[in-house]
Structures are given as structure tokens and as C-alpha cells.
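Heads up, the thing below is written out as C-alpha cells.
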Amino acid sequence: MCGIVGIVGKSNVNQALYDALTVLQHRGQDAAGIVTSHDGRLFLRKDNGLVRDVFQQRHMQRLVGQMGIGHVRYPTAGSSTSAEAQPFYVNSPYGITLAHNGNLTNVEQLAKEIYESDLRHVNTNSDSEVLLNVFAHELAVRGKLQPTEEDVFAAVSHVHSRCVGGYAVVAMITGYGIVGFRDPNAIRPIVFGQRHTDEGVEYMIASESVALDVLGFTLIRDLAPGEAVYITEDGQLHTRQCATAPKLSPCIFEHVYLARPDSIIDGVSVYKARLRMGEKLAEKIQRERPDHGIDVVIPIPDTSRTAALQLANHLGVKFREGFVKNRYIGRTFIMPGQAARKKSVRQKLNAIELEFRGKNVMLVDDSIVRGTTCKQIIQMAREAGAKNVYFCSAAPAVRYPNVYGIDMPSAHELIAHNRTTEQVAELIGADWLVYQDLPDLIESVGGGKIKIEHFDCAVFDGQYVTGDVDEAYLDRIEQSRNDAAKVKNQAVSAIIDLYNN
């Protein structure tokens, strides 16, 4: 889960890129980067930290140029060294920079090919750098001094034939233009749009439509699975289907948690999808517990608020804000290491005793992953005087790791892995627990005006849409994703950054 943006404008784009990254900050809090192009030269600034901390006035003044790309990073293997901040750069051919959201499942094979066949050196552990080198090689073998859109699309086609996984990409070819492309399953989101200025038409590519909205761009559409868009430096727009067998299978967890509610992904309003999640949950509660006895529905800020409101409306019970959120604490889901997550929960939320005292409280969250956060929140509700604490998840039980760009923990660290709903309820301390049913979640997201027939629901059902994920692969990623590995990686990263600084 990262955020990407690319802009081809008619004046300096540094401020627009900065503003877009702040809108996409929810997709990555670990590092941020911007690169611009002017007169054949690149200007790059990237580092660990939030957007507001990475870019100071002196950095912005150096980021000159009418086109550029940006990235906010969230590490998918626990590493937080600034050496893996994006965009990445390779000098041949032309000078290419690239920012990537997702994860390649065949990265080990690709890294070997790059070294042995393409004769290229990869300097980090990031699959984004591997993807950049694959794209650069495929563009280089075209042998053109000046690449055309045909060359760019041919290179993307070869990327699709070599790379497996989920990926949404923006890349800048110095002096020529910006290309965006999406994997053949369209797992990760990417959109593009335009705005009209006195100087002409400007184009923007981004992870979510909300970034376009805030900057005054009009959404044209999402990139289709396997499709690429190429915008030349002088503002010519070209699109092309570059995959042989594309199939729309977007990640359903984008609608559950990752995306902002004011975004539209593949034609589906995230906000409306979350409203429907609340309706489906209410129907399940009425079906299974008609005498539920719920006095008040309280969301766990912020992602679950929309579903919780609709749940309360359909049950005919009060909706109340029972927790006050400290907005200066990051999203606990993407914090590396269990210790950091545990410490942050009490700093992040504080209960309003008035809304809990003597009541049967239904807490609503978007999902339950490790169970660490909800267990502490349930305890906070009891300490605030709740008579009974019920818990509702807008998503089904998360039982399998994500391999397409979301750093969910290893399977054995997922609280629902090999456990029943009753067992999970006991572990988190809830009087009873309600999970969304997977068919209802699919209907909530894909059942609106825009019909989506298939989603990547692997975290719920273990069915990985790329077809190359087996037990051996899951065992390998478990070694890099468990909390012990993350603590080690954090220590190594701190030493590296200390040395570099």
C-alpha cells in the first residue's frame, strides 16, 4: 500500500505534486519522494517521514520542471531505511525514474534475470527497483535515440509478460514524458484525469481519484487491467492495452480500509460501498440476533464510521462518537512492530465515559487483523463503564496474508487464522462478535451501478488471483514479515540511516 502521482503540466508542478501526496498520505507514512524534470535534468528529493517533514521550502525551490512524479511509501517487508524511499532512478536509457504501488510475487526470479541476462545492478531489496530495471531494459532493447509511444507501450507489454503480482506504476522518461500502467489483474488502483488552464491542458495520474479532485482535475477514468497511459512532455495523451489476457480483479480491501471514502475506484464509490457494508451487517444481526439489546453503536475512528452509521440506522439504535482520536498518531495498521502498535492505541484513542456507562455497546471496526487494537479498545470500553461490549467487523475474518502490496502479518500472527468466530471473540474480550460474510462484502462493493464480477479476496479466502502463490512462497514471506523480522529490520535500518547521515 503506497501512493503514487504523476503530473504533466504547463508550469512548475512541484507544489501540485506535494499537495497530491498530502492527500495520499494515508497510503504511506514511512517515506516520501518527488522527482521533477527540466531541460533534460532531474531534480530529486526523498527521505523517511511524512510529506510535510520531508519537503521543506529549500527542497521545493529546487524541484523545478513542468512534469514530475511522487510517492508516499509504506514498507511491505518491514524495512524503513531511507535507501528504499521512492522514486527510484536508472540512467539508461534516457534517464528513467519510477514509483510503484504493489508487490511482485516473482521478484527473486526477476532479480536473477536482471543480473544474469539484462546485466543490470539492483542496489536495494525493493521490488520497485527491480520493476524499474525491467522496464528500462525493455525500453533500451528498442534501440531508439528518441522513444515513441509505440516503444513505450511495447516496453510495458514486455513488463507484463515478465512481472507477476499487483502493481500500479508511474514512470518518468526524462525529456519525453510520463507513463502510467496497471497490472493485468488491476489489483492496485490507478486513475488519470485532466484540467484546463490558460496555457493548455494538464494531465495527472494518481492512486486515488480524491487526489485529482483536490487539485481541480477532472477524472477521465481508471486505467483498465493491463492498460498503459503515456503523456508526452508537450501534453499529448496516448493509451493502449498492453496485456494479452487482462481480467479485472481489484483488491477488495481497498474499499474496506485502504482508500479514502471520498475516492472512486473502478467506478465504485468507496463511501457508498461502506454504507452497503453497514446495511449488510445490520441485516445479519437482525437475522441471527433479533433480540440484540444494543443500546448504542460506536465506530472506531475513522475508517469504520460510514459503515457504523448505516448499521445504526438500519437497526434503529443510537449512533454515537464514543472515542476521541489524536490525529497526530499514525495509522496503527501500518506501524512496523507489535510494540509500536500496542503503545500507540492508548495514545491514539480516548473514551468518552458518558457514551459507555451502563450501556450495551456495539463497537464497529473496518476489520480485525492481529486483534491487538480491538482488544485494547474493548478493554477501554469496559473501563469506561460499558455493561456489555459487542464487536462488529465490516470485513470478514482475515485469515491469510496479502502478497500484492499490503504488509499484513504472517498467517500465524493473524488472530482469525485457524480460529472460529467464538474463539476470536474470547481472545479480544468481546461478549459477542459479528463478522461480515464474504458474499455480502462482495455484494457491497460490486453490487452498485458498476458491476465488478471478480475481486481479489485472498486475505479472506486464500485464493490468490495471480495463481503463482503456494505454501512455499507464503513460508518465505512469513520469514520476512513476522514481528521478529521487523524488529531486526528496524534496527538494521536505523544503523544504515545513521551511517548515511
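All residue numbers refer to positions in the sequence shown, counting from 1.
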Take Glu233 and Gln66 through the test side-chain contact (heavy atoms from CB on, under 4.5 Å) and record every step on the way to the result. CA-CA 8 Å; Glu233 193 172 31; Gln66 296 182 12; over 6 Å; no
Distance-only donor-acceptor check, side chains Thr466 and Tyr404, under 3.5 Å: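 Looking only at side-chain atoms, Tyr404 and Thr466 do form a donor-acceptor pair, the distance falling under 3.5 Å.
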Main-chain N/O of [Y] paired to [X] side chain as donor or acceptor, under 3.5 Å:
X	Y	result
Asn106	Val164	yes
Ser444	Ala273	no
Asp47	Val54	no
Glu149	Leu237	no
Lys46	Ala85	yes
Thr124	Glu84	no
Asp127	Leu104	yes
His59	Gln56	yes
Gln241	Ala243	yes
Ser126	Ser128	yes

Is [X] salt-bridged to [Y], going by a charged N under 4.0 Å from an acidic O?
X	Y	result
Glu227	Arg221	yes
Lys247	Glu453	no
Glu208	Arg27	yes
Glu413	Arg370	no
Glu150	Arg142	no

What residues form a salt bridge (charged side-chain N to carboxylate O under 4.0 Å, His left out) with Asp266, not counting sequence neighbours?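 Counting only residues at least two positions away or on another chain, Asp266 forms a salt bridge (charged side-chain N to carboxylate O under 4.0 Å, His left out) with Arg182.
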Looking only at non-hydrogen atoms, find the nearest pair between [X] and [Y] and report the distance.
X	Y	value
His71	Ile4	CD2-CG2, 3.7 Å
Ile114	Asn133	CD1-CB, 3.9 Å
Ala32	Val72	CB-CG1, 4.2 Å
Arg188	Asp183	N-OD2, 3.8 Å
Thr36	Val64	OG1-O, 2.7 Å
Leu248	Ala186	CD1-CB, 3.7 Å

Side chain to side chain donor-acceptor pair (under 3.5 Å) between Thr148 and Asp151, worked out: CA-CA 5 Å; Thr148 66; Asp151 298 314; 3.1 Å; yes
Walk me through it: do Tyr167 and His160 pass the test side chain to side chain donor-acceptor pair (under 3.5 Å)? CA-CA 10 Å; Tyr167 50 90; His160 289 331; 2.8 Å; yes
Lys10 vs Asp198, side-chain contact (heavy atoms from CB on, under 4.5 Å): CA-CA, chis, key distance, verdict: CA-CA 9 Å; Lys10 299 299 181 182; Asp198 293 338; over 6 Å; no
Got a sec: does the [atom1] of [X] have more than 12 other heavy atoms crowding it under 6.0 Å?
X	atom1	value
Tyr473	OH	yes
Lys112	NZ	no
Asn125	CG	no

Once rounded to the nearest 0.5 Å, what's the spacing between atom CG of Asp456 and atom CD1 of Ile187?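 So the gap between those two atoms works out to 5.5 Å.
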Roughly how far, to the nearest 0.5 Å, is the OH atom of Tyr18 from the CG atom of Leu215?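 It is 12.5 Å, given to the nearest 0.5 Å.
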Parallel, tilted or perpendicular, judged at 30° and 60°: which one describes the rings of [X] and [Y]?
X	Y	value
Phe455	His255	perpendicular
Phe153	Tyr230	perpendicular
Phe43	His38	tilted

Working note: Gln29 + Leu50, criterion side-chain contact (heavy atoms from CB on, under 4.5 Å); need CA distance, chi angles, decisive distance, verdict. CA-CA 6 Å; Gln29 300 171 181; Leu50 300 176; 3.8 Å; yes
Please step through side-chain contact (heavy atoms from CB on, under 4.5 Å) for the pair Asp30 and Asn48, ending with a clear verdict. CA-CA 6 Å; Asp30 187 69; Asn48 278 5; 4.2 Å; yes
